[in-house]
Amino acid sequence: MRRTCYCGEVTEMYLSKEVILEGWAHRTRDHGGLIFIDLRDREGIVQVVFDPAEIPRETFNTAKEVKSEYVLRIKGTVRKRPEGTENPKLKTGNVEVLAKEIEILNTSLPLPFKIEDEIDVSEEVRLRYRFLDLRRPEMQRKLILRHKAAQAVRKYLDSIGFIELETPFLTKSTPEGARDFLVPSRLNPGKFYALPQSPQLFKQIYMISGFDRYFQIVKCFRDEDLRADRQPEFTQIDLEMAFVEKEDVMEVTEGILKTIFSIIGIDIKTPFLRISYTEAIDTYGSDKPDLRIPWKMYTLTDILVDTEFKILREAIDEKNTIKALKVEGNTKFSRKDLDDTLAIAVNYGAKGLIWMRVSEGSVTSPIAKHLKEGEIKAIIERCEAKEGDTLFLVADKWEKACEILGNIRIELARRFNVIDEDRYEFLWVTDFPLLDWDEEEKRYVSVHHPFTSPMDEDIPLLDTDPLKVRAKAYDVVLNGVEIGGGSIRIHRQDIQEKIFKLLGIGDEEAKIKFGFLLEALQYGAPPHGGLALGFDRIIAIITKSPSIRDVIAFPKTQKGICLMTQAPSEVSEKQLKELFIQVIPPKR
RNA sequence: GGGGCCGUGGUGCAGACGGUUAGCACGCCGGCCUGUCACGUCGGAGGUCGCGGGUUCGAGUCCCGUCGGCCCCGCCA
């Protein structure tokens, strides 16, 4: 006996036909003299009827024993449901299967939660019983969509000449970037592999090897603290191209995203908007702005340059920037709203927060009396503020002031429900700085990574003003989420060495850590660049999942624990001994 | 490392200001039921109140610590 079709496929097409179905008992309704069993498999649910007039007593009694999630094989005939008993909620609702035979293939313990969407259960329980959670239609839809997206991306990239190539998981630990997961080497006592944070160096090597266009849908590993959108292992769509400029990489990326979104029936417009890092920070207070939020930020420093209001006077004298966020619309801020907004500001390091509400050509504000009429007018004009709009002002270092207001922008947009969840706003953020200054370590660090090419015209600045150097780097942003990023790489050994030097990586260290790359760059390395897309994040967005855990089959908790397997776990003395490893217990 | 929310039968929740039998819904078990589809109906079982300590005549409730889950800051080239 073999299955003839999936439960969810039994429609009028099968009328009067005999079918064999295999699946799980979704629900049973025992009316004493008549039993209904909803049988479920991955394609859906169909109602099976057991009528004692049609089958032997023994068969009927077997059906009586069935409980939730028993695994069944049922043979029966498809018939029209009696007039008036159709169920429009089911795809198969016009028909039912009149059972002739039933076989219980397996029983099931009572479940901790129901196998259905909209369950009211903690994520902790879902993760502990992930095998049941994944049985729910919602989770099956998400993982099947994930599969479809991966397949579509493969097909698309293959069609434009990309070659799917693998890279090692057991590889070399490199400085910079995230903390590595280490794997001890039994054959080389005291030495460790690292799991890759990304296939970065290998894909560059592939370019030097002449594969020209590489891609991979691949796991990456970073041992950092977890968030709703961060797991220690996650999946990237990773690609690299030779003989290209950033426009080429951006075009391919837009093609990939277009491909993925077409799966959910959304035709996204390309090319995406492009704005510079500086503009993104200045206007939206974020390098990954959510363009679904209409509110923007404005600079008021020049307007208030002669102010006598003490707090702002001091800010200007300290060469700080005064920024304003405009919250549009007649949004009513209660005392509590204002307090909460201040709390957000303080959380991001603000020393204070000024609010002003536009009203009858002037403003209502705790500081209104300290401002001249001309200043107020100029502020309203600069912000293009209308009646009822509320402005929030912060005075601080440019980047910090922007960042504080940027976070207020996001949190207030959520609170006042101004984000349209059905909109998808893509953009490119370009012209990132190449380097940042790390105050703790007292050295430059890469904003992107150490292999990112500086802009040609900024190369001289490497010697004079490194922080002014812009990178050939680009991030792709969707609805306030960084879904990908990449760069044109350095393909000349002299520049690469110079960057290492600036990063405080000495010749000796560079040779030890990246010797193979520096060497490869000397053997005809073509200009190249690429990008990686956060696959989990994209799938989370298109399935409207609040966390990437919902689109990862077996995710970890915030403490990095898999609640199903209880990994990580202790290992035996013997295992440690073989690896020449000794555990030092943490101090209590 | 830090801030916030949460932890009570299998699941989700309720338990004022500490008071004697810890309540509700769903699920589970048993009976009845031939057109249900969240079936109905009658009955029943099921609890270390996360864990440890303290205050008290008495702690699910108050205090301290600890463990776990979630959100966030730091961190994540």
Side-chain angles (χ1 to χ4, degrees), chain A residues 26-40 45-54 60 67-69 81-90 92-93 96 98 108-116 118-129 132 174-180 197-198 200-201 220-232 234 340 343-344 346-349 403 407 410-411 414 432 434-436 438 440 444-452 471 473 482 485-487 499 503 505 532 534 546-547 549 556-561 563 566 588:
Chain A
H26 186 65
R27 242 180 265 280
T28 62
R29 292 176 294 282
D30 182 350
H31 288 230
L34 195 67
I35 298 168
F36 298 98
I37 295 178
D38 291 339
L39 196 65
R40 188 198 68 243
I45 291 173
V46 69
Q47 173 168 282
V48 181
V49 197
F50 293 81
D51 185 342
E54 306 274 348
F60 191 76
K67 301 184 204 314
S68 280
E69 297 306 304
R81 290 197 186 194
E83 187 93 28
T85 64
E86 297 87 355
N87 185 352
K89 281 188 246 166
L90 292 181
T92 63
E96 64 189 8
L98 180 66
S108 171
L109 290 172
L111 270 53
F113 52 84
K114 289 185 195 163
I115 308 301
E116 61 187 22
E118 318 266 323
I119 50 169
D120 195 8
V121 65
S122 72
E123 190 175 5
E124 199 172 347
V125 175
R126 287 174 54 203
L127 290 178
R128 161 124 197 271
Y129 298 95
L132 295 177
T174 54
E176 303 290 303
R179 193 174 294 110
D180 286 320
Q197 295 173 29
S198 86
Q200 183 58 37
L201 294 172
C220 301
F221 306 87
R222 292 177 193 178
D223 188 7
E224 296 293 346
D225 286 2
L226 285 70
R227 289 282 192 286
D229 62 352
R230 275 163 38 188
Q231 283 276 305
F234 61 99
D340 290 351
I344 298 164
V346 169
N347 186 242
Y348 287 94
E403 191 194 319
N407 283 300
I410 294 165
E411 300 217 19
R414 287 198 191 121
F432 281 84
L434 183 73
L435 301 166
D436 198 6
D438 186 319
E440 267 177 44
Y444 293 110
V445 290
S446 295
V447 169
H448 191 55
H449 59 51
F451 321 106
T452 301
E482 182 197 325
S487 63
I499 298 293
L503 295 174
I505 301 172
S547 158
R549 291 187 300 275
K556 313 268 188 296
T557 67
Q558 200 159 52
K559 281 228 158 68
I561 289 165
L563 291 178
Q566 290 301 324
R588 283 251 133 220

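Order of the sequence lines sets the chain letters (A, B, ...), proteins ahead of strands, with each chain counted from 1.
With the nearest nucleotide of RNA chain B identified for both A:Arg179 and A:Ser547, A:Ser547 has the one nearer the 5' end. With RNA chain B read from its 5' end, the first of the two nearest nucleotides for A:Leu226 and A:Glu116 is the one closest to A:Glu116.
For A:Arg29, whose side chain is taken as the heavy atoms from C-beta onward, the closest listed nucleotide among B:C71, B:C75, B:U36 is B:U36. Residue A:Tyr348 places its side chain closer to B:C72 than to any other of B:C72, B:U36, B:G74. The side chain of A:Val121 has B:U11 as its nearest neighbour among B:C37, B:C72, B:U11. Relative to the side chain of A:Asp225, the nucleotides B:G1, B:G68, B:C72 differ in distance, and B:G1 lies closest. With B:C71, B:C76, B:G35 as the choices, the nucleotide that has an atom nearest any side-chain atom of A:Arg81 turns out to be B:G35. You'll find that the side chain of A:Lys559 is closest to B:G68, out of B:C75, B:U11, B:G68. The nucleotide whose nearest atom lies closest to any side-chain atom of A:Glu96 is, among B:U36, B:G10, B:C72, B:U36. Taking only side-chain atoms of A:Asp38, from C-beta outward, the nucleotide of B:G74, B:G69, B:C37 with the closest atom is B:C37. In the set B:G12, B:G69, B:C75, the nucleotide with an atom closest to the side chain of A:Glu224 is B:C75. Among the nucleotides B:U11, B:C75, B:G69, the one closest to the side chain of A:Arg227 is B:C75.
A donor N or O paired with an acceptor N or O is not found under 3.5 Å between the base of B:G68 and the side-chain atoms of A:Arg128.
Nucleic acid contact class of A:Glu118 (heavy atoms, under 4.0 Å, all strands): none. Base engagement by A:Pro450 is indicated by at least one non-hydrogen atom pair under 4.0 Å involving a base atom. At the heavy-atom level, A:Phe36 lies under 4.0 Å from base atoms of the strands shown. The residue A:Ser198 sits close to a base: some heavy atom pair falls under 4.0 Å.
Remark: P of B:C33 and CZ of A:Phe60 are 11 Å apart, rounded to the nearest angstrom. Atom CD1 in A:Ile35 sits about 11 Å away from atom P in B:U34, given to the nearest Å. To the nearest angstrom, P of B:C73 lies 9 Å from CD of A:Glu411. B:C70 atom C1' lies 13 Å from atom CD of A:Gln231, rounded to whole Å. The nearest whole Å value for the distance from the CD atom in A:Glu83 to the C1' atom in B:U36 is 17 Å. Separating the CD1 atom of A:Ile344 from the C1' atom of B:G3 is a distance of 14 Å, rounded to the nearest angstrom. As rounded to whole Å, 14 Å separates atom C1' of B:C76 from atom CD of A:Gln558. Rounded to whole Å, atom P of B:G10 lies 14 Å from atom CD of A:Glu124.
Listed for the A:Arg81 side chain is no donor-acceptor partner under 3.5 Å among the backbone atoms of A:Glu86. Side-chain atoms of A:Gln197 come within 3.5 Å of backbone N or O of A:Ala178 as a donor-acceptor pair. Between the side chain of A:Ser487 and the backbone N or O of A:Phe451 there is no donor-acceptor pair closer than 3.5 Å. Remark: the backbone N or O of A:Arg549 is not paired with any side-chain donor or acceptor of A:Gln231 at under 3.5 angstrom.
Here A:Glu116 pairs with A:Arg27 under the side-chain hydrogen bond (donor to acceptor under 3.5 Å, both in side chains) rule; sequence neighbours left out. Remark: A:Ile344 pairs with A:Tyr348, A:Ile408, A:Glu411 by the side chain to side chain contact (heavy atoms under 4.5 Å, CB included) rule, at least two apart or across chains. Legend: residues meeting side-chain hydrogen bond (donor to acceptor under 3.5 Å, both in side chains) with A:Arg29, ordered by chain and number and at least two apart, are A:Asp38, A:Gln47. Every side-chain hydrogen bond (donor to acceptor under 3.5 Å, both in side chains) that A:His26 has, sequence neighbours left out, goes to A:Arg40. Among residues two or more places apart in sequence or in another chain, the ring-ring contact (aromatic ring centres under 6.0 Å, His included) test is passed with A:Phe221 by A:Phe169.
The neighbour count for A:Gln566 CD, taken as heavy atoms of other residues, nucleotides or ligands under 6.0 Å away, is above 12.
For the OP1/OP2 pair of B:U36 and a distance below 4.0 Å, the side-chain nitrogens and oxygens of A:Gln47 include no atom meeting the criterion. At B:G12, one or more side-chain N or O atoms of A:Ser122 fall inside 4.0 Å of OP1 or OP2 (strictly under the cut-off). For A:Arg549 and B:C71, the shortest distance from a side-chain N or O to OP1 or OP2 is below 4.0 Å. Side-chain nitrogen and oxygen atoms of A:Thr557 include at least one within less than 4.0 Å of the OP1 or OP2 phosphate oxygen of B:G69.
Comparing the same atom, C1', in B:C6 and in B:U66 gives a spacing of 16 Å after rounding to whole Å. Taking the C1' atoms as reference points, B:A22 lies 7 Å from B:G15, given to the whole Å. Comparing the P positions of B:G31 and B:U20 gives an interatomic distance of 38 Å, to the nearest angstrom. Taking atom C1' in both B:G10 and B:A16, the straight-line distance is 30 Å, to the nearest Å. Separation of the C1' atoms belonging to B:G27 and B:G46 is 11 Å when rounded to the nearest angstrom. For the C1' atom pair drawn from B:C51 and B:U8, the interatomic distance equals 14 Å after rounding to whole Å. Taking atom C1' on both nucleotides, B:G9 is separated from B:C24 by 12 Å, rounded to a whole Å. With both ends at atom C1', the span from B:C17 to B:G74 equals 41 Å, rounded to whole Å.
Here B:U41 sits opposite B:G31 as a Watson-Crick or G-U wobble pair (both hydrogen-bonding atom distances under 3.5 Å). Across all strands shown, B:C49 forms no Watson-Crick or G-U wobble pair with both key distances under 3.5 Å. Pair assignment for B:C5: B:G69, on the basis of Watson-Crick or G-U wobble contacts that are both within less than 3.5 Å. B:U56 is unpaired under the Watson-Crick or G-U wobble criterion, no partner having all donor-acceptor distances under 3.5 Å. Nucleotide B:U61 forms a pair with no other nucleotide shown, judged by Watson-Crick or G-U wobble geometry with both contacts under 3.5 Å. Base pairing annotation: B:C24 forms a Watson-Crick or G-U wobble pair with B:G12, both donor-acceptor distances under 3.5 Å.
Stacking of A:His31 onto the six-membered ring of B:U36 is not present when judged by under 5.5 angstrom between centres and under 30° between planes.
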Problem set entry | Annotated protein contacts, base or backbone, on nucleotides 22-32 of chain B with a non-hydrogen cut-off under 4.0 Å, one of B, S, - each | ----SSSS---
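The two residues A:Ser446 and A:Glu176 make their nearest non-hydrogen contact at N-OE1, 4.1 Å. Across A:Phe36 and A:Val49, no two heavy atoms sit closer than the pair CE2-CG1, 3.9 Å.
Applying the 90° criterion around 0 to the glycosidic angle, B:A45 comes out anti. With a glycosidic angle more than 90° from 0, B:C62 adopts the anti conformation.
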